Amino acid sequence: MALSDLSRESLLPSFLYAPAAARSFAGASRLPASPAAAPGGAGAPSFPIQAPKEKIEMYSPAFYAACTAGGIASCGLTHMAVTPLDLVKCNMQIDPAKYKSITSGFGILAKEQGVRGFFRGWVPTLLGYSAQGACKFGFYEFFKKYYSDIAGPEYAQKYKTLIYLAGSASAEVIADVALCPFEAVKVRVQTQPGFARGLSDGLPKFIKSEGALGLYKGIVPLWGRQIPYTMMKFASFETIVELIYKHAVPVPKSECSKPFQLGISFAGGYIAGVFCAIVSHPADNLVSFLNNAKGATVGDAVKKLGLWGLFTRGLPLRIVMIGTLTGAQWGIYDAFKVMVGLPTTGGVTPAPAPTAEEAALKASA
């Protein structure tokens, strides 16, 4: 077997492909023996995972498990990668007098904390956004199917954008409950030098200072930031990708290569990310302010930052960060889906199934 195949198989959880019978002990005994002989000449059993050969059934438990795993990979890794940008953004929001611009912000942090300081808070970032990504993508796929089934084929097609919006909003409510404690510790670690080195000492320190419920002090502003962001992220992405395949690509999606489809996913994600950054930025400023200042309220934030500051402070940096982040997330998510044998997200929506009356008329013609 080629090295690339072995590498891919080692990354894919076997429960995504093995049916219930194959997961049982009796089923496992029927698997083919490995061509490589074990010491002493006895054949050793192998449990290969061949993604393309065992197709995951759409909307099955394995499908949702794959989407959840893809969400973990896409959100956790990308947010951790842009920790330096996030660190500068948070400090610009909290102390604009000191951190006047992006370039000066990087310079001040490099001078005061060194290069290692740029990745302060990476552990709560990785864990928090991995948990959020699991819920965001996994539950989005679930709610999208659930609301489509409620609407029926005709209305699901007619009101597909509303279904994208409702599905993503429902998923994000759950995702933010998983993210909020990590986000609270991350902001405190990043904006208060000396508070803690990271999650391991920052979490108990935070709880000792403000109690366990203090970890959820920013949940409402977090919903205010993340729900509009996610609604825009999914609805605009689905719409943009559909328009690209419909008007800019001369062949059907099914005839496009997988690398080309992943390129479309990244491009659609980047464009969607720009819109996401704009609609969610005021709440992002609120989250940073509330998690940094003990006992602070939304009114305190508005009074100190002003309405114009809420909408614009740190916005250019966040557009660059969120655009790149969202494009990379969709690229990684769809790459994972392709790797496990699933289609990429979005594309030209098929026409709704004909009604019974239309089918009868067609048959009689």
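None of these values were measured; they are calculated from a predicted model.
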Which atom pair, heavy atoms only, marks the closest approach of [X] to [Y]?
{"X": "A272", "Y": "M232", "result": "O-CG, 4.3 Å"}
{"X": "A196", "Y": "G202", "result": "CB-CA, 3.4 Å"}
{"X": "Y155", "Y": "A151", "result": "CB-O, 3.5 Å"}
{"X": "V279", "Y": "P228", "result": "CG2-O, 3.9 Å"}
{"X": "W223", "Y": "V173", "result": "NE1-O, 3.3 Å"}
{"X": "A169", "Y": "I227", "result": "CB-CG2, 4.1 Å"}

Notebook entry, point to check: Quick one: NZ on K186 to CG on L179, what's the gap to the nearest 0.5 Å?
Noted result: 8.5 Å
Margin query: Rounded to the nearest 0.5 Å, what separates atom CD1 in I56 from atom CZ in F63?
Written below: 9.0 Å
Check: So, are E238 and K160 salt-bridged, with charged N and O less than 4.0 Å apart?
Finding: no
Notebook entry, point to check: Between K233 and E172, is there a salt bridge with N-O shorter than 4.0 Å?
Noted result: no
Compare all side-chain heavy atoms of [X] with those of [Y] and state whether any distance is below 4.5 angstrom.
{"X": "D86", "Y": "M321", "value": "yes"}
{"X": "T345", "Y": "V241", "value": "no"}
{"X": "Y216", "Y": "V177", "value": "yes"}
{"X": "L315", "Y": "F311", "value": "no"}
{"X": "V82", "Y": "T324", "value": "no"}
{"X": "V189", "Y": "P124", "value": "no"}
{"X": "K205", "Y": "V185", "value": "no"}
{"X": "Q132", "Y": "D176", "value": "yes"}

Give a yes or no on whether the backbone of [Y] and the side-chain of [X] come within a donor-acceptor separation of less than 3.5 Å.
{"X": "D95", "Y": "M92", "value": "no"}
{"X": "Q261", "Y": "K253", "value": "yes"}
{"X": "S209", "Y": "F206", "value": "no"}
{"X": "Q190", "Y": "R120", "value": "yes"}
{"X": "H247", "Y": "E242", "value": "no"}

Indicate, with yes or no, if [Y] and [X] share a hydrophobic cluster defined by side-chain heavy-atom contacts under 4.5 Å among Ile, Leu, Val, Met, Phe, Trp and Tyr.
{"X": "V320", "Y": "I278", "result": "no"}
{"X": "I163", "Y": "I174", "result": "yes"}
{"X": "L203", "Y": "F195", "result": "yes"}
{"X": "I72", "Y": "Y64", "result": "no"}
{"X": "L85", "Y": "L109", "result": "yes"}

Next item on the list: Indicate whether the side chain of Y129 and that of E183 have a donor and an acceptor atom separated by less than 3.5 Å.
Entry: yes
Notebook entry, point to check: Taking atom types as modelled and ignoring hydrogens, do the side chains of Y333 and T78 form a donor-acceptor contact shorter than 3.5 angstrom?
Noted result: no
Note to self: Please list all pairs meeting ring pair (Phe, Tyr, Trp, His ring centres under 6.0 Å) that have one or both residues in residues 84-115, counting only residues at least two apart or in different chains.
What the structure shows: F106-F118
Check: Should we count NZ of K258 as having more than 12 external heavy atoms under 6.0 Å?
Finding: yes
Checklist line | E57 CD: over 12 foreign heavy atoms closer than 6.0 Å | finding: no
Checklist line | Hydrophobic cluster of L243, others only, ordered by chain and residue number, side-chain cut-off 4.5 Å | finding: none
Next item on the list: May I ask you to list the residues sharing a hydrophobic cluster with I332, side-chain cutoff 4.5 Å, ordered by chain and number?
Entry: none
Item checked: Residues forming a side-chain contact (heavy atoms from CB on, under 4.5 Å) with A166, sequence neighbours excluded -> Y147
Note to self: Under the side-chain hydrogen bond (donor to acceptor under 3.5 Å, both in side chains) definition, can you give me all pairs with a residue in residues 265-275, not counting sequence neighbours?
What the structure shows: S265-D334
Margin query: Under the rule for side chain to side chain donor-acceptor pair (under 3.5 Å), what residues qualify as partners of S254, not counting sequence neighbours?
Written below: none
Check: How are the rings of F142 and Y146 set to each other: parallel, tilted or perpendicular (split at 30° and 60°)?
Finding: parallel
Next item on the list: Give me the ring orientation class for W330 and F234: parallel if the planes are under 30° apart, tilted from 30 to 60°, perpendicular past 60°.
Entry: perpendicular
